[in-house]
*Asks:* 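Got a structure for you, questions after.
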Amino acid sequence: MTAKMWIALATAGSAALLLGAFGFQYIGGLAPCALCLWQRWPHAVALGFGAVGLAMPSAALAILGALSAGTSGAIGLYHTGVERDWWDGPSTCSAGPIGGVTPEQLMEQILAAPLVRCDEVPWEMLGLSMASWNAVISFALMGFWLMAARAG
């Protein structure tokens, strides 16, 4: 296969993972935890590399795409370990700046927000959680990117 074909497959894979994550969130009602959100960003970056790579394929760009997919896979492995109690997860979370709301409105927002823990598995298939599936598929996509680098 050509480098463009490998790039197209890798890009489509990242797009499919992101669409699946948004589907679980907005259609399935499964709010993401912080680690779930962290896993999405490298796929968004890979989409950018894919868009450029389809127009101008290069080995260097394919390596960057592989690093993006591999980063999401590594976060997915870390998240899997947190879910399986192999190690502790992050102890803190962050929020954006708060402004323009009364203390009562802020309390309502806090109480209405879903509590999503990184150490619980909200969905699994074949014994693997979403984080585990993301890791498996992300490392496969990393392989696609590396094949693009090799072909280019």
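This chain uses plain numbering: 1 for the first residue, then up along the sequence. Quick note: numbers below take in every heavy atom, side chains included, and nothing from hydrogens, waters or symmetry partners.
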*Asks:* So which atom in Arg84 and which in Gly127 form the shortest heavy-atom distance, rounded to 0.1 Å?
*Replies:* NH2-O, 3.1 Å
*Asks:* Hey, does the side chain of Ser68 reach the backbone of Leu64 with a donor-acceptor pair shorter than 3.5 angstrom?
*Replies:* yes
*Asks:* Is it true that Trp86 and Val82 fall in one hydrophobic cluster, defined by side-chain heavy atoms closer than 4.5 Å?
*Replies:* yes
*Asks:* Is it the case that His79 and Asn134 place a side-chain donor and acceptor less than 3.5 Å from each other?
*Replies:* no
*Asks:* Which heavy atom in Thr80 sits nearest to a heavy atom in Ala131, and how many Å separate them?
*Replies:* OG1-C, 3.7 Å
*Asks:* Are Leu9 and Met147 packed together at the side-chain level, in the sense that at least one heavy-atom pair is separated by less than 4.5 angstrom?
*Replies:* no
*Asks:* Looking at CG of Leu30 and CD of Gln25, how far apart are the two atoms once the value is rounded to the nearest 0.5 Å?
*Replies:* 9.0 Å
*Asks:* Give, for atom CG of Leu18 and atom NE2 of His43, the distance between the pair rounded to the nearest 0.5 Å.
*Replies:* 6.5 Å
*Asks:* Which residue pairs pass the ring-ring contact (aromatic ring centres under 6.0 Å, His included) test when at least one of the two sits in residues 2-23, sequence neighbours left out?
*Replies:* Trp6-Phe144
*Asks:* Can you tell if the side chain of Leu77 reaches within under 4.5 Å of the side chain of Phe139, non-hydrogen atoms only?
*Replies:* yes
*Asks:* Taking C-beta and beyond as the side chain, do Met130 and Glu83 meet within less than 4.5 Å on heavy atoms?
*Replies:* no
*Asks:* Taking all heavy atoms of Gly50 and all of Thr11, pick out the closest pair and write down the distance.
*Replies:* CA-OG1, 3.1 Å
*Asks:* OG of Ser138 to CH2 of Trp133: how many Å apart, nearest 0.5 Å?
*Replies:* 12.5 Å
*Asks:* Mind checking whether Met56 and Leu54 sit in one hydrophobic cluster, side chains of I, L, V, M, F, W, Y counted as touching below 4.5 Å?
*Replies:* yes
*Asks:* Once you round to the nearest 0.5 Å, how far does CD1 of Ile63 lie from CZ of Arg150?
*Replies:* 12.0 Å
*Asks:* With distance as the sole criterion, is a donor-acceptor pair present between the side chains of Ser132 and Ser129 under 3.5 Å?
*Replies:* yes
*Asks:* Flag the pair Pro32 / Arg40 as yes when at least one side-chain heavy-atom distance between them is below 4.5 Å, and no otherwise.
*Replies:* yes
*Asks:* For Leu141 versus Leu17, what's the shortest heavy-atom pair and its separation?
*Replies:* CD1-CD1, 3.9 Å
*Asks:* Quick check for you: to the nearest 0.5 Å, what is the distance between Trp123 atom CH2 and Leu128 atom CG?
*Replies:* 9.0 Å
*Asks:* If every non-hydrogen atom of Ile7 is compared with every non-hydrogen atom of Gly53, which pair is closest and at what distance?
*Replies:* CD1-O, 3.7 Å
*Asks:* For the backbone of Ala46 and the side chain of Ser14, can you confirm whether one donor and one acceptor N or O come within less than 3.5 Å of each other?
*Replies:* no
*Asks:* Same cluster or not: Val45 versus Leu61, using hydrophobic residues (I, L, V, M, F, W, Y) connected whenever any side-chain heavy atoms lie under 4.5 Å apart?
*Replies:* yes
*Asks:* What are the two closest non-hydrogen atoms of Trp87 and Tyr78, and how far apart are they?
*Replies:* NE1-O, 3.0 Å
